[in-house]
Amino acid sequence: MGLRVFDTMTRTLRDFESLEPGQVRMYVCGPTVYNYFHIGNLRPFLFFDVVRRYLEYIGYDVLYVQNITDVDDKIINRANEAGTTAAEVAEAYTRAFFTDLDAMGVRRATVHPRATAHIPQMIELIEKLVSGGHAYVQDGDVYYRVRSFPSYGKLSHQSLDELAAGARVAVDERKADPLDFALWKKAKPGEPSWPSPWGPGRPGWHIECSAMSMNYLGPTLDIHAGGSDLVFPHHENEIAQSEAATGHMFARYWMHVAYVNIEGTKMSKSLGNIITVRELRRLHEPAVLRHFLLSSHYRTPLNYSGEALAASTRAVGRLRGTYQRLARIASEPGHSASPAAAVSEMIESARGRFVSAMDDDFNTANAIAVLFELAREANAAADTGISPAEASLLLHAFDELGSVLGFYTSAPSQSSTSNVDGIIRILTDIRQKARQNRDFATADRIREELQKLGIILEDTPEGTRWRVEDRFEDGGSGPA
RNA sequence: GGCGACAUAGCCAAGUGGCAAGGCAGGGGUCUGCAAAACCCCGAUCCCCGGUUCGAAUCCGGGUGUCGCCUCCA
């Protein structure tokens, strides 16, 4: 069948075909580093990490570029409030961005270009637009002339007249048309600035992405993506700039991820309901957040709620339980009998269904369902008894498919090296003696007291095992 | 006003014409000293009203409701 991708431009599911066979050039709009990013930002970052992993899984070499916008009004404002420089604000939150993404298991892009390191490329692009009649200079500012680009609006499916009619933006008399947008902003006193043919200033937001994406990936990208709110005006403007400058199609596929709502409403600073990833990491482990964010299709809105995260916590616990069970069996000394055909078929079938799901516009919800189905089959097989070789085969299947979704990449281990394990061992040995003497009161007391500490004991034919309880802590009213 | 999305079991969520995936919660079993884990079984008039069709959650028309974009925003 092959991979099919929903393209915002055509609003259809299209067969995916890259410009260069075997290679995908992908650009995803990155953060403006003026604050910690939140769960709504995380969704596209995480999703396109999975897109990248899947493209690699099916054999593509992926060139993945994600920008860092490190010069911007919001950064400047933030610096002024904090009494520091824009560069320092940007530096601090860039570091935080990577710290949080790394913690989430989101792999770094091939390149993370910073806007301030690509000013010459932006100036060059703006000059090209000015000389081509697509931009005009107005007292140190440079604006893009939207009326000069006949197909303006093709991504968001709006005509210029429709946009003009709905515009709620105050008219700026320096612009020839209200919809024209700034390519270069003249520096105000105290603002960071760079020299340019039009005087000192800084780049507009939209031009950054055009300049950096084309700098690393050439005039035509395979995939250009971001959150759904970037469709207009950001991506629309990027198309206008890029295509007017190069005469080439800018991106072959446009992908946009829907919003994350919180308790039914959009996150906004005025409502104070923003949940940063920094905060979230304290409440939930990465696998749980990944499960939650990937459990619905990327083009449908997702609602963050305590209940949903609790469900994800338990769901992940189930997958992990199966994984650890298989790992235990696989590590048993056992003979090296060749695995039964039934197990191979089980895995082959799961792999096929997994690929079908992902090929269908990255249907991660279905892909996850395949993992659960395989887990149930694997558990059922383990109940009747499987060989270490079979367990090992299943384990590899979970590794293989799980790694596409980024699961199992940082499965917390029961650190058998710490003394905690030793201490619990002592208690379970005592408890075991009590059970043998049919002193169940003592045995149950030990189990109950440990449970209060979040340690679950499980008696099995092979002895007592312990694990840390999957604790869910409700985020309550949000960040502290 | 323009453009668009969504409405499926108590909750979350797949499913674009042919007996309604998966997860969480719940009920009943198997196993267990009792639990836990695991496995098996149980659960849906697919928002409403029309229409097309042998057949519709799925297509068409009309409602109702929720949400998003059109301004910085993932």
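Labels below follow one simple rule: chain letters A, B, ... track the order of the sequence lines, proteins then strands, and each chain is numbered from 1.
One side chain, Y323(A) or D399(A), offers a donor N or O that lies under 3.5 Å from an acceptor on the other. Between the side chains of Y93(A) and R78(A), at least one donor N or O lies within less than 3.5 Å of an accepting N or O.
The same atom, P, is picked in C70(B) and in A37(B); the two are 47 Å apart, to the nearest Å. Spacing of P atoms, C6(B) relative to G28(B), comes out at 39 Å, to the nearest Å. Across the C1' atoms, C42(B) and A74(B) are found 42 Å apart, a figure rounded to whole Å. Look at the C1' atom in both G29(B) and C12(B): the space between them is 27 Å, to the nearest Å. Distance check on atom C1': G65(B) versus C47(B) gives 8 Å, rounded to whole Å. Rounded to whole Å, the separation between the C1' atoms of A14(B) and A20(B) comes to 10 Å. The separation of A13(B) from A7(B), taken at their C1' atoms, amounts to 13 Å, rounded to a whole angstrom. Comparing the P positions of G10(B) and C46(B) gives a spacing of 13 Å, expressed to the nearest Å.
A close approach under 4.0 Å does occur between a side-chain nitrogen or oxygen of N363(A) and OP1 or OP2 of G15(B). Residue T300(A) places at least one side-chain N or O closer than 4.0 Å to OP1 or OP2 of A14(B). Considering only side-chain N and O atoms, R299(A) lies nowhere under 4.0 angstrom from the phosphate OP1 or OP2 of A5(B).
For the pair D229(A) CG and G68(B) P, the interatomic distance rounds to 12 Å; values are reported in whole Å. E236(A) has its CD atom 12 Å from the P atom of U71(B), to the nearest Å. A5(B) atom C1' lies 14 Å from atom OH of Y298(A), rounded to whole Å. Counting to the nearest Å, the P atom of A13(B) and the CG atom of L309(A) are 12 Å from each other. One atom, NZ of K452(A), and another, P of A36(B), lie 18 Å apart when rounded to the nearest Å. With rounding to whole Å, H256(A) atom NE2 is found 10 Å from A74(B) atom C1'. Between the P atom of A74(B) and the CD1 atom of I262(A) lies a distance of 14 Å, rounded to the nearest Å. For F232(A) and A5(B), the CZ to C1' distance is 18 Å, given to the nearest whole Å.
With values rounded to the nearest 0.5 angstrom, H206(A) atom NE2 is found 13.0 Å from M122(A) atom CE. The NE2 atom of H256(A) sits 6.0 Å away from the CG atom of L230(A) when rounded to the nearest 0.5 Å. Interatomic distance, R465(A) CZ to R328(A) CZ, rounded to the nearest 0.5 Å: 3.0 Å.
Using cut-offs of 30° and 60° for the angle between ring planes, the H224(A) and Y27(A) rings count as tilted.
Look at C6(B): its Watson-Crick or wobble partner, with both distances under 3.5 angstrom, is G65(B). Pairing partner, A20(B): none, since no Watson-Crick or wobble contact has both distances short of 3.5 Å. With a 3.5 Å ceiling on both atom-pair distances, the Watson-Crick or G-U wobble partner of G26(B) is C42(B). Look at C72(B): it lacks any Watson-Crick or wobble partner with both distances under 3.5 angstrom. With a cut-off of 3.5 Å on both Watson-Crick or G-U wobble distances, the partner of C59(B) is given as G51(B).
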Find every protein N or O atom lying less than 3.5 Å from an N or O atom of nucleotides 37-39 of chain B, and list the pairs.
from   : atom 1 : to      : atom 2 : distance (Å)
A38(B) : O3'    : N379(A) : ND2    : 3.2
A38(B) : O2'    : R325(A) : NH1    : 3.4
A38(B) : O2'    : D383(A) : OD1    : 3.1
A38(B) : O2'    : D383(A) : OD2    : 2.7
C39(B) : OP1    : R318(A) : NH2    : 3.4
C39(B) : OP1    : N379(A) : ND2    : 3.4
C39(B) : OP2    : R318(A) : NH1    : 3.1
C39(B) : O4'    : D383(A) : OD2    : 2.9

Could you run down the sub-3.5 Å N/O contacts of the protein with nucleotides 32-34 of chain B?
from   : atom 1 : to      : atom 2 : distance (Å)
G33(B) : N7     : R435(A) : NH2    : 3.4
G33(B) : O6     : R435(A) : NE     : 3.2
G33(B) : N1     : D444(A) : OD1    : 3.0
G33(B) : N2     : D444(A) : OD2    : 2.8
C34(B) : O2     : R447(A) : NH2    : 2.5
C34(B) : N3     : R447(A) : NH1    : 3.0
C34(B) : N3     : R447(A) : NH2    : 3.2
C34(B) : N4     : D459(A) : OD2    : 3.1

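Residue contacts shown for H38(A) include a base, since a base heavy atom lies under 4.0 Å away. Backbone-only engagement by A315(A) is indicated by non-hydrogen atom pairs under 4.0 Å involving sugar-phosphate atoms exclusively. Residue L42(A) is classed as having no contact, given no heavy-atom separation below 4.0 Å to the nucleic acid. Note on V370(A): nothing from the nucleic acid sits closer than 4.0 angstrom, heavy atoms only. Across all strands, G226(A) comes closer than 4.0 Å only to sugar-phosphate atoms, never to a base (heavy-atom distances). Within the nucleic acid shown, Y259(A) comes within 4.0 Å of at least one base atom, counting heavy atoms only. Residue I368(A) is out of contact with every strand shown, counting any heavy-atom pair closer than 4.0 Å.
Looking at every heavy atom in both residues, F45(A) comes nearest to P31(A) through CZ-N, 4.0 Å.
Under the 3.5 Å distance criterion, the side-chain polar atoms of N67(A) are left unmatched by any main-chain donor or acceptor of C209(A). Judged by distance alone, the side chain of T8(A) and the main-chain N or O of W254(A) form a donor-acceptor pair under 3.5 Å. Without hydrogens or angle criteria, Q158(A) side chain to G153(A) main chain gives no donor-acceptor distance under 3.5 Å.
For K74(A), the listed nucleotide lying nearest its side chain is C72(B); candidates were C72(B), C24(B), A74(B). For S296(A), whose side chain is taken as the heavy atoms from C-beta onward, the closest listed nucleotide among A13(B), C3(B), C69(B) is A13(B).
In this structure, H112(A) has its ring center closer than 6.0 angstrom to the ring center of F98(A).
In this structure, V257(A) and T460(A) both approach RNA chain B, and ranking their closest nucleotides by distance from the 5' end singles out T460(A). Judged by closest nucleotide on RNA chain B, E373(A) is the one of E373(A) and G227(A) placed further toward the 5' end.
When the shell of 6.0 Å around CZ of R445(A) is examined, it contains 12 or fewer heavy atoms from other residues, nucleotides or ligands.
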Legend entry - Full working for side-chain hydrogen bond (donor to acceptor under 3.5 Å, both in side chains) between S349(A) and R353(A): CA-CA 6 Å; S349(A) 161; R353(A) 283 176 288 140; 3.2 Å; yes
